[in-house]
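Heads up: numbering here begins at 1 and tracks the sequence. Here the structure is a predicted model, which means the values were calculated and not measured. What you see below is based on every heavy atom in this structure, not just the backbone, and it leaves out hydrogens, waters and symmetry mates.
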Amino acid sequence: MQELDYLKMGERIRRIRKAKGWSQETLAKKCGISMNFLGKVERGDRKMSLDTFVRLCIVLETDADALLWGIIQPPETVVQSMWKDPGKKDSDSYAMYIRIMKSVADIMNEA
C-alpha cells in the first residue's frame with residue numbers, strides 16, 4: 001500500500017490555492033480552520049481530519065485523488081458527460097479537450 005506524502009499533499013494544496021489567487025487566510029476562513037493550522041498542513045507538518053480534508057476538496061474544487069496522489073485525470077464518463085450527446089460528440093473539440101487535460105495532468109505531476 002502506498003504511503004501518503006504529507007509534504008507533497010501540502011504542496012498540492014498550496015499550488016491550487018495560489019492558482020486561485022487566494023491567501024492562506026482566505027482559504028483557512030473558507031474551510032473553517034485557522035491560518036496557522038493551514039500553514040502547517042501546507043508544509044506537511046500537521047495531519048488533518050477527514051472533515052477538514054473534505055472541506056479543502058470542496059472549497060478548492062478538486063477531488064481527493066488530486067490532493068492525495070496528484071492524479072488529475074477524470075474518468076472518461078465524466079469527460080463524456082460534458083457533451084450533450086456523448087455518442088455524437090464533436091470529435092475535434094473532444095480530442096482537443098482530452099489533449100489539454102492530459103497536458104495539465106503532466107504539468108501537475110512534474111511539479
Side-chain angles (χ1 to χ4, degrees):
M1 181 173 167
Q2 187 176 3
E3 276 194 46
L4 288 175
D5 185 331
Y6 292 98
L7 178 61
K8 286 184 180 179
M9 188 180 349
E11 290 170 354
R12 290 181 197 109
I13 292 167
R14 180 182 300 118
R15 188 177 321 119
I16 296 169
R17 172 181 61 77
K18 286 185 174 187
K20 291 183 172 291
W22 294 348
S23 65
Q24 280 186 333
E25 181 179 14
T26 300
L27 179 56
K29 283 182 181 178
K30 289 177 179 280
C31 291
I33 58 176
S34 74
M35 192 172 73
N36 184 40
F37 180 70
L38 177 61
K40 290 178 181 181
V41 168
E42 286 188 351
R43 289 188 301 276
D45 295 337
R46 291 282 309 269
K47 295 178 183 177
M48 65 190 112
S49 70
L50 183 57
D51 287 340
T52 300
F53 179 74
V54 169
R55 282 195 305 262
L56 276 168
C57 288
I58 291 168
V59 169
L60 292 173
E61 298 175 318
T62 190
D63 61 25
D65 282 340
L67 292 185
L68 293 171
W69 314 112
I71 299 170
I72 308 173
Q73 296 178 353
E76 186 74 13
T77 55
V78 172
V79 174
Q80 286 181 349
S81 71
M82 299 174 100
W83 277 263
K84 291 182 182 179
D85 186 356
K88 297 181 181 180
K89 61 190 171 283
D90 174 0
S91 62
D92 290 337
S93 65
Y94 180 76
M96 175 68 78
Y97 178 80
I98 295 298
R99 283 195 303 274
I100 291 169
M101 293 306 296
K102 285 182 179 178
S103 296
V104 169
D106 290 342
I107 290 167
M108 296 295 288
N109 286 328
E110 288 175 8

First locate atom NZ of K20, then atom NZ of K18, and finally report the distance between them rounded to the nearest 0.5 Å. 15.5 Å

Roughly how far, to the nearest 0.5 Å, is the CD atom of E61 from the CG atom of L56? 13.0 Å

Considering all heavy atoms, the nearest L68-R12 contact: O-NH1, 3.1 Å

Distance check, rounded to the nearest 0.5 Å: C31 atom SG versus F37 atom CZ? 10.5 Å

Donor-acceptor under 3.5 Å (R17 side chain, W22 main chain): yes

With rounding to the nearest 0.5 angstrom, report the OG1 to CD1 distance, T52 to I33. 6.0 Å

Minimum heavy-atom distance C57-L67, with the two atoms named: SG-CD1, 3.7 Å

Smallest heavy-atom separation, E42 atom then Q24 atom, equals OE1-NE2, 2.8 Å

Membership question, hydrophobic clusters at under 4.5 Å side-chain separation (ILVMFWY): are L4 and L7 in the same one? no

Trace of the salt bridge (Lys or Arg N to Asp or Glu O under 4.0 Å) decision for K29 with E25: CA-CA 6 Å; K29 283 182 181 178; E25 181 179 14; 3.4 Å; yes

Evaluate the side-chain proximity of W69 to M9: yes if any heavy-atom separation is below 4.5 Å, no if none is. no

Euclidean distance, K8 NZ relative to I13 CD1, rounded to 0.5 Å: 14.5 Å

When you measure from the side chain of R14 to the backbone of G10, do you find a donor-acceptor pair of N or O atoms at a distance under 3.5 Å? no

